[in-house]
Amino acid sequence: MNLASLVEHVAQQYPDSPAFVSTEREMSYTELLAESNAVALGLKNLGIGPQDRVAIMLPNMTAFPVIAYGVWRLGAELVTVNPLQKAQELEYLLSNSEAKVLFVLEQLLPLLEEVLETLTVTIIALRASEDCEHLKYDDFIEEFEDEDLLPLHPTQPDDVVAILYTSGTTGRPKGALLTSGNLDSNSAAGLQSILATGERTADDRLYCVLPMFHAYALNVGVVTALRGGVSVFVDPRFVPTLSLKNLKRYNCTVFLGVPSIYASLLALAENADPAQLPKLKVAICGSAPLTLETLKGFQEVFQTRILEGYGPTECSPVVTMNPMDKRIPGSVGIPLEGVEVKILDPDRLEFVADGEVGEFVVRGPNVFKGYLKNPEATEQTFFEGWYRTGDLGYIAADGYYYIVDRLKDMIIVGGLNVYSREVEDVLHSHPQVQDCAIVGEADLLRGEAVHAFVERKPNTQVSEEELKDFCRARLADYKCPLRVTFTDMLPRSFTGKVLKRVLKEDLKKSQP
């Protein structure tokens, strides 16, 4: 069950094939095996052993999977850290995880100056200058690159291999404990999604611009792709024009994205020469709902198929996925093999019938072990062995699942439930709306009222009243926005999710 065994297996099958590729280098599976082994030996030389925690604070780069598989080979636990976080956040994550080693770019070290005064952690600096006072990554692995393979630690399915911190929408972030069995089972079950033909071909290459420190890309871009022998092009950040060029230049056939990325690429490519577009076999979408307009437009322009899926970090993360042979637009698909999903009434704590809206609850080998040092939160998030996702949805008669809202984002207007996605879908269908988000605001008469935040498409001037009338023609009055606020850009997380908590905070500040 040691995930690093995947590296050995694929290196035997395709030794000279490219594993991870960037604009700076192309790394074969043989090189991945040697370098990850060097990382494991180097960490062992520093006194790191099984169950010790090693943090990685890097953007997407070929060194990321090298370090991850080196940590796992040794039997240590990987702690992923967002490189955009600030000093106070970093201090909490590093102290809470008790990480003994931190891999980080030298240019990010100034952020850690005050943190290092309070923590005992060994820094290994990447892209380090000659005068860097910390251990340099290149020197660190060079010493052990020609050594024999370190025997794989006998990792058990229930052993924790990764600690991924949730976004912390309420209170401080919680460290989700993912086990070897979690990532192994979830990557195996999801493999067919990235192998559009059902089996590997020599030209398969996955484009990964989503951050590898997040569960989505860590699973699909680092573990699942390797399991299938699929090459991965690693892009450090999404810049629409550059990303489109890289997709074509590096012959990417599989796209891993989120709705905001698909929308941006579609807007850029709608009038492009088809010969300049990449030849994608399949595109995978998760993290947030994808509008039907974007889904249909992207599939038409790029001549490919988009498979929508769903899953939170705590589920490793994939729970459901549209199968290749039967995709239903608007649905997040069906559960992966071995994964069970039911719909729970969050108030009565009873399971509901198909077609009724309730909270998604999940059970299976992909469900996490719990939250680090937080037994209360762990207990609260489970119901009779089922993980409570906090997402509202339903099961259709054909067995396909649909997400309608986050439980905490549901708006209650005069005692009636309003699901934000239903209103957002209507607004997205307006030809002058680029993007939108629906939140509830306090209202003396109704309890809550629907408030729409809207990004207009460039060079358009749709008014608040026009959008209200557009909604009234398509929705019951109580579901329609009472107010519309126009914004140049909605606040988003690093995975493209609109940060509704920020919008709600802005509303509270603006209220008398």
Side-chain angles (χ1 to χ4, degrees), residues 182 185-186 188-190 192-193 215-216 219-220 258-259 284-292 294-296 305-368 380-412 416-426 428 438 475-476 479 497:
N182 291 156
S185 65
N186 206 233
Q192 291 302 312
S193 299
Y216 185 16
N219 181 325
V220 181
V258 295
I284 304 168
C285 184
S287 183
L290 181 67
T291 67
L292 293 179
T294 298
L295 184 147
K296 292 176 180 178
R305 296 167 287 183
I306 293 182
L307 304 182
E308 281 194 88
Y310 158 78
T313 295
E314 289 86 347
C315 293
S316 304
V318 188
V319 172
T320 64
M321 179 69 69
N322 269 273
M324 194 73 66
D325 58 350
K326 187 183 178 183
R327 296 163 293 129
I328 298 183
S331 167
V332 294
I334 58 178
L336 294 188
E337 184 177 352
V339 178
E340 298 177 81
V341 182
K342 286 190 175 183
I343 308 298
L344 180 75
D345 183 308
D347 297 320
R348 294 183 288 117
L349 295 181
E350 296 176 356
F351 294 116
V352 302
D354 291 358
E356 291 186 40
V357 173
E359 182 181 4
F360 272 42
V361 293
V362 184
R363 185 169 67 183
N366 62 321
V367 175
F368 78 138
Q380 290 171 3
T381 200
F382 282 93
F383 169 72
E384 296 182 354
W386 295 82
Y387 168 67
R388 300 184 61 175
T389 66
D391 291 306
L392 291 171
Y394 63 93
I395 311 171
D398 58 8
Y400 277 64
Y401 287 70
Y402 292 80
I403 296 287
V404 299
D405 211 348
R406 283 288 292 168
L407 181 58
K408 62 183 177 58
D409 290 335
M410 186 177 70
I411 305 164
I412 302 177
L416 299 173
N417 294 345
V418 177
Y419 301 115
S420 59
R421 183 174 180 181
E422 182 181 9
V423 187
E424 288 163 356
D425 283 346
V426 169
H428 276 131
I438 296 296
L475 294 168
K479 297 179 182 179
K497 289 183 181 179

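Computed from a prediction, not measured in an experiment: that's the story for all the values here.
For the pair Gln192/Met324, no side-chain contact is recorded, criterion being any heavy-atom separation below 4.5 Å from C-beta on. Counting heavy atoms from C-beta on, the side chains of Tyr400 and Pro323 come closer than 4.5 Å. The shortest side-chain heavy-atom distance between Leu392 and Tyr419 falls under the 4.5 Å cut-off. Put simply, the side chain of Asp398 reaches to within 4.5 Å of the side chain of Ile328, judged on heavy atoms. Between Tyr310 and Ile403 the shortest side-chain heavy-atom distance falls below 4.5 Å. Contact annotation: the side chain of Glu308 approaches that of Leu295 to within less than 4.5 Å [non-hydrogen atoms, C-beta and beyond]. With a 4.5 Å cut-off on side-chain heavy atoms, Pro259 and Cys285 count as touching. Within the 4.5 Å cutoff, the side chain of Arg421 has no heavy atoms near those of the Asp405 side chain.
Open room surrounds CD on Glu337; 12 or fewer heavy atoms of other groups in view lie less than 6.0 Å from it.
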Exercise for review: Please report the C-alpha distance between Leu292 and Asp425 in whole Å, then the side-chain angles of each, then the deciding distance to 0.1 Å, and finally whether the side-chain contact (heavy atoms from CB on, under 4.5 Å) criterion is met.
Suggested key: CA-CA 8 Å; Leu292 293 179; Asp425 283 346; over 6 Å; no

Practice item. Let me see the working for Met321 and Val339 under side-chain contact (heavy atoms from CB on, under 4.5 Å), right down to the final yes or no. Key: CA-CA 11 Å; Met321 179 69 69; Val339 178; over 6 Å; no

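Atom CZ in Phe368 sits 8.0 Å away from atom SG in Cys315 (nearest 0.5 Å). Rounding to the nearest 0.5 angstrom, the gap separating the CG atom in Asp354 from the CD1 atom in Ile343 is 8.5 Å. Expressed to the nearest 0.5 Å, how far OG1 of Thr291 lies from CD of Glu424 amounts to 10.5 Å. The distance from atom CZ of Arg406 to atom CD of Glu359, rounded to the nearest 0.5 Å, is 8.5 Å.
Of all non-hydrogen atoms in Val341 and Pro335, the two that sit nearest each other are CG2-CG, 3.9 Å. Gly286 and Val258 get closest at one heavy-atom pair: O-CG1, 3.5 Å. Scanning both residues, Ser287 and Lys497, for their nearest heavy atoms gives O-CE, 2.5 Å. In terms of heavy-atom proximity, Gly393 sits nearest to Phe360 at CA-CE1, 3.4 Å. Closest approach of Asn219 to Ser316, counting heavy atoms only: ND2-O, 2.6 Å. Nearest heavy-atom pair across Tyr387 and Thr381 is CE1-OG1, 3.0 Å.
Partner Val362 forms a side-chain contact (heavy atoms from CB on, under 4.5 Å) with one of Asp391, Val319, Thr320 and no other, that one being Val319.
Ring geometry, Phe351 versus Phe383: the interplanar angle exceeds 60°, so the pair is classed perpendicular (tilted spans 30 to 60°).
Side chain to side chain, Ser185 and Asn366 fail the donor-acceptor criterion of an N or O pair below 3.5 Å.
Looking at Asn322, its side chain never comes within 3.5 Å of a backbone N or O of Leu307 through a donor-acceptor pair. Judged by distance alone, the side chain of Glu422 and the main-chain N or O of Val404 form no donor-acceptor pair under 3.5 Å. Looking at Asn182, its side chain does come within 3.5 Å of a backbone N or O of Pro365 through a donor-acceptor pair.
A salt bridge links Arg348 with Asp345: the closest approach of a Lys/Arg side-chain nitrogen to an acidic carboxylate oxygen falls below 4.0 angstrom.
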